[in-house]
Structures are given as structure tokens and as C-alpha cells.
Amino acid sequence: MEKNLLKRIFLENWEWFSTKHKNRIRPIVEKEVKKFLGCGDPRNGFKLLVCEGCHDLKRVPYRCKGRFCTTCSCGETEEWSRIMAEDVFQVNHRHMIFTIDEGLRDIFLKHREILKEFMDEAVRVVQEHFEDKHKVRPGIIAGLHTFGSRLNFNPHVHMLVTMGGMAEDGSWKTYDYVPFQKLRKVWQTVVLKLIRRALSEEEKKKIQPLLQKAYSENEEGFYVHAPKQKGNVKAQLGYIGRYIRRPAIAVDRIVSYDGETVVFRYHDKMDDTDKEEQISVEEFITRLIRHIPDEQFKVIRHYGVYARRAKNICKAKVKEWQEKVKKTLVKVKQVIRRKWSERQKAQTGKDPMVCPKCECYYEYKGEVCLEEGKLRVKYARCKTSKAVLERMIRDLTSVEEKKVREEKETPVKSKQPSSAQRDGQLCLFAMS
């Protein structure tokens, strides 16, 4: 299988897809897909590295760092989980999952504006239990997933929760019991109240049967899962961190693509087996883009002692209390973010700054960036470096001009969806 089959699917189909559904696609979707398609393209900017031994030239293109890009999100996820695993309190945590009834999913799809409150309410359920029962303030990192294994819209909240918390005097208290049954009923009530509070009277009348069904068919409440974690604390945190921030689909889950249909693999939790599903390209793109969050929406949020404003203060208080009682219950660490070359070496096992030909080190000589649609030299260490960068720009732009000239001389018909795709019914509000 090719390295990034997902990018080829979008390169070949996004133009006609966006034209067909232009009035139903959110602006942020257009923006993120455009960034994804241009990721790693030197025509969007690059850095120049030169080997100090054999003078080999290495051009490192800019990455988009977009939330939809599988290449960027993979590296960012690994780095984020590493930092998080070191930066949080080194105590036992629970991975808690809060889900909702299947019949309510489309309500959140149509009303994406309540997803922020949806996350907050899930965290509040946990916080209030620990504050009332144990009189402590726990640390919580919450992540919103809107996707299921089949790429269907399935909003649920993943939480990393400390099995302990900070009391008012700065002391740290531990616990290891989570009352599932109680939390399930409370969570069900909270979700139903949230929907009724957020929707208009006319909308509530339309969905009242769904709310009633969700209540009557879930006598024990909505599903809440919080398994006990085993093994090394740091390894637990790293795994949960990667899970919380993972993208909707990994490239290796795409089995095949023939131009009209896509086959992808998923794990069916109902019977605990791996299965494959074949859908049209149009349906595949539709399912994927609805998981792109709205502009400025944070899918990862920190609460309690992990809240951005309170974290350093809480760490200082806990550390002071531990020194006072001469007892270490919580390890407090400080982590430094790694450089690009260090992250690459950790992932691939090879140092990108070492020349494969002579094993000397590459030296940074300058970079080119895109300004007002044109490539320009942003920085050059010397006149020779600037000349090389300008030559590279000419090479890239001449190739682009030649490509445009050929396209004008030989017009190509835009790809149209197949009859099966045209006739297939789509839930188009998924893209609105």
C-alpha cells in the first residue's frame, strides 16, 4: 500500500466533491482540507540544509500541522502524549469514557455548538462526585471524540482522571473506587437536560420521542466505563494520551481504493472482531470531514488541578506539603519540548541531521516561505545560500508554470461521481 493513500483519495476527488456540496461544507473544512493537500509540498515553503562534509543539499518542506492531516497529527500526538505523561502528576490515573444513546447522536451533529458544554458536563459529573465524596480536587484531562470505529458520528468524552486529588490544605489524598452505576444515571440526566436546555421549543417537540426513548431504553443510565489501569504509570499515561488525541482514521486502516470505492478496516466491539466495510468515495469523504472540529474549538481540555491557570500553583502546593510531612506521594516533573530532529530520531531511529552519504552533519542555511501567493527567501545565512534558494524557487515555479501551460493546451474533464454515488443518499447536514 502506498505511503499516504488518504491524500490521494482527496487529491483525486476533493475538487468535484467540494463543488457539488459547496453550500453545505463548513468554511473550516475547506481550510483544513486545503492545508492537508498542501502538506509537505515545497511550493508552500521549505528549509535548506547543507551537509558540511559532502555538501549534499537537503530540502525540508513545511508541514501544515493541521488537525485533519494524518501525517502531522501522528507526530503531534506522539509528542503531546510524551509531554503529558511526564508533565502530569506521577500517580495512578483512570481512563474514563462517557457515551450517549445512539438515537441522540444526530442531535449533536446538527447542533455542534453544544459540544463544548457536552464536554464540560461530563467533567462536572466526575468533579462533583470527588468533591462531595472525598473532599478533594482531582486532575482531569478530557478529550472529545466525535467518531466511532466506522467513522460514524458518535460523540463521547474520554477522560484521564487522577486516582486522588488535592485537599484545601494542599495535601494529596488517594482513592481507587469509581461508582459506575451512580455516575451512569447522573450522566444520563445531565445529557437529557443539556439537550432540552440548548434547543428551542419547536426543536424540542420534534425530538421529544428520541429523548423519551433514550431514557426508557437505558434503565441503568448511559454507558460509563473506567477500567483499572495496570503496569507502569508512565506507560499508562502515554497510551491513554495517544488514544485521547488520535485522529478519526489511521492510513493503515484503509485497505483499498479503486477510484470509486474505498474499503477500510474497523473493529466491531459488539462481537470483538475485525471487519471491513466498502463505501463510495463520496460517502467516505462525507464521513471524514464531519469530524473536523469548528474553528478555535479545543478537543482537549484541562480541568481541576490540571487546569492551565491552576496547574503550577497546585504543583507548588503539593510539593510544599510533601516536604513538610516528609512523604512523597506525588512526583512532580518538568518537561522540555523536543526539537524536530529529536522527534524524528525517536520515531524513525535515524537522525535527519546526519548525512546518509558521508555521515557528517547537515547545517541550516536558510528557508523559503509563501508570501501573498509567491515563494520568497525568508532567511539566508550567506550570499551563496541565497543564490541556491533563489535557484530552487525558479526551479519550482518553472515546473508549476509548465504544468499550467500544459493544462491549458490539453483541457481535462473534471471527474464526476459515478451513478452509484449520485444515486446514494447522503446525510448532508453532516457537512453543514
Side-chain angles (χ1 to χ4, degrees), residues 1-12 14 31-80 82 251-252 336-409:
M1 189 182 71
E2 62 186 88
K3 191 172 183 180
N4 200 333
L5 184 56
L6 183 64
K7 178 173 278 192
R8 182 160 75 91
I9 292 172
F10 273 81
L11 281 170
E12 294 180 2
W14 180 249
K31 178 182 175 182
E32 289 295 326
V33 172
K34 184 179 179 182
K35 283 166 61 177
F36 167 56
L37 295 179
C39 183
D41 189 339
R43 289 172 293 184
N44 293 324
F46 58 89
K47 292 183 179 180
L48 174 64
L49 304 178
V50 180
C51 175
E52 60 185 9
C54 64
H55 305 297
D56 177 58
L57 299 181
K58 187 174 184 178
R59 189 173 62 190
V60 182
Y62 288 159
R63 288 292 175 183
C64 68
K65 296 183 180 178
R67 293 192 282 184
F68 184 66
C69 178
T70 50
T71 303
C72 293
S73 63
C74 180
E76 288 294 317
T77 297
E78 286 290 334
E79 181 65 6
W80 181 82
R82 183 193 72 87
V251 177
D252 59 8
I336 300 174
R337 192 173 180 87
R338 294 183 300 188
K339 296 179 181 178
W340 163 77
S341 57
E342 293 172 334
R343 298 199 306 269
Q344 289 291 312
K345 186 176 180 179
Q347 292 173 17
T348 64
K350 297 179 180 179
D351 190 342
M353 296 302 291
V354 175
C355 178
K357 298 178 181 178
C358 67
E359 297 186 351
C360 290
Y361 281 92
Y362 283 103
E363 187 179 358
Y364 171 73
K365 291 294 186 179
E367 59 188 286
V368 170
C369 63
L370 200 62
E371 293 181 359
E372 298 178 354
K374 293 185 177 180
L375 288 174
R376 303 191 187 281
V377 177
K378 181 181 179 181
Y379 170 76
R381 294 193 67 174
C382 59
K383 290 182 179 180
T384 305
S385 299
K386 186 176 181 181
V388 172
L389 289 168
E390 288 174 344
R391 188 190 73 211
M392 287 181 167
I393 292 174
R394 286 196 300 271
D395 291 342
L396 284 170
T397 51
S398 63
V399 169
E400 184 67 20
E401 288 171 1
K402 183 180 178 182
K403 184 179 177 182
V404 171
R405 215 166 34 244
E406 288 175 351
E407 287 178 351
K408 287 182 178 179
E409 293 172 359

Could you walk me through whether Lys365 and Leu49 pass side chain to side chain contact (heavy atoms under 4.5 Å, CB included), step by step? CA-CA 6 Å; Lys365 291 294 186 179; Leu49 304 178; over 6 Å; no
Output, in order, the C-alpha distance, side-chain angles, deciding distance and verdict of side chain to side chain contact (heavy atoms under 4.5 Å, CB included) for Val354 and Tyr362. CA-CA 6 Å; Val354 175; Tyr362 283 103; 6.0 Å; no
Val368 and Met392: CA distance, side-chain angles, deciding distance, side chain to side chain contact (heavy atoms under 4.5 Å, CB included) verdict: CA-CA 9 Å; Val368 170; Met392 287 181 167; over 6 Å; no
Taking it one step at a time, do Val388 and Leu57 satisfy side chain to side chain contact (heavy atoms under 4.5 Å, CB included)? CA-CA 10 Å; Val388 172; Leu57 299 181; 4.1 Å; yes
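In this structure, Phe10 CZ and Leu37 CG are separated by 8.0 Å, a value rounded to the nearest 0.5 Å. Once rounded to the nearest 0.5 Å, the distance linking CG of Leu375 with CG of Leu370 reads 5.5 Å. In this structure, the separation between NZ on Lys378 and CD on Glu367 is 4.5 Å, given to the nearest 0.5 Å. The SG atom of Cys369 sits 11.0 Å away from atom CG of Asn44, with the distance rounded to the nearest 0.5 Å.
Ser385 approaches Cys382 most closely through the heavy-atom pair OG-SG, 3.1 Å. For Lys35 against Cys64, the heavy-atom pair with the smallest separation is O-CB, 3.3 Å. The nearest pair of heavy atoms linking Val377 to Glu390 is CG2-CG, 3.9 Å. Ser341 approaches Asp351 most closely through the heavy-atom pair CB-OD1, 4.3 Å. The heavy-atom pair separating Asp56 from Cys355 by the smallest distance is CB-SG, 4.4 Å. Nearest heavy-atom pair, Glu32 versus Gly66, reported as atom, atom and distance to 0.1 Å: OE1-CA, 3.6 Å.
Checking Tyr62 against Asp41 by side-chain atom types alone, no donor-acceptor pair falls below 3.5 Å.
The backbone N or O of Pro352 lies less than 3.5 Å from a partner atom in the side chain of Lys58, making a donor-acceptor pair.
When the options Leu6, Asn4, Leu5 are evaluated for a side-chain contact (heavy atoms from CB on, under 4.5 Å) with Arg8, the one that passes is Leu5.
Atom NZ of Lys386 has 12 or fewer heavy atoms from other residues, nucleotides or ligands within 6.0 Å. More than 12 heavy atoms of other residues, nucleotides or ligands shown are found within 6.0 angstrom of CD on Glu52. Atom OH of Tyr361 has 12 or fewer neighbouring heavy atoms from other residues, nucleotides or ligands inside a 6.0 Å radius. Summarising the local packing, NZ of Lys47 is surrounded by 12 or fewer heavy atoms from other residues, nucleotides or ligands at distances under 6.0 Å. The number of heavy atoms from other shown groups lying within 6.0 Å of NZ (Lys345) does not exceed 12.
A heavy-atom distance below 4.5 Å is found between the side chains of Leu396 and Arg59. The side-chain heavy atoms of Cys39 and Cys72, taken from C-beta on, include a pair separated by under 4.5 Å.
Taking the ring centre of Phe36 as origin, the terminal cationic atom of Lys7 falls inside the region bounded by 6.0 Å and 45° from the ring axis.
The pair Glu363-Arg381 counts as a salt bridge, with a side-chain nitrogen and a carboxylate oxygen less than 4.0 angstrom apart.
Shown here are the ring pair (Phe, Tyr, Trp, His ring centres under 6.0 Å) partners of Phe46, two or more places apart in sequence or in another chain: there are none.
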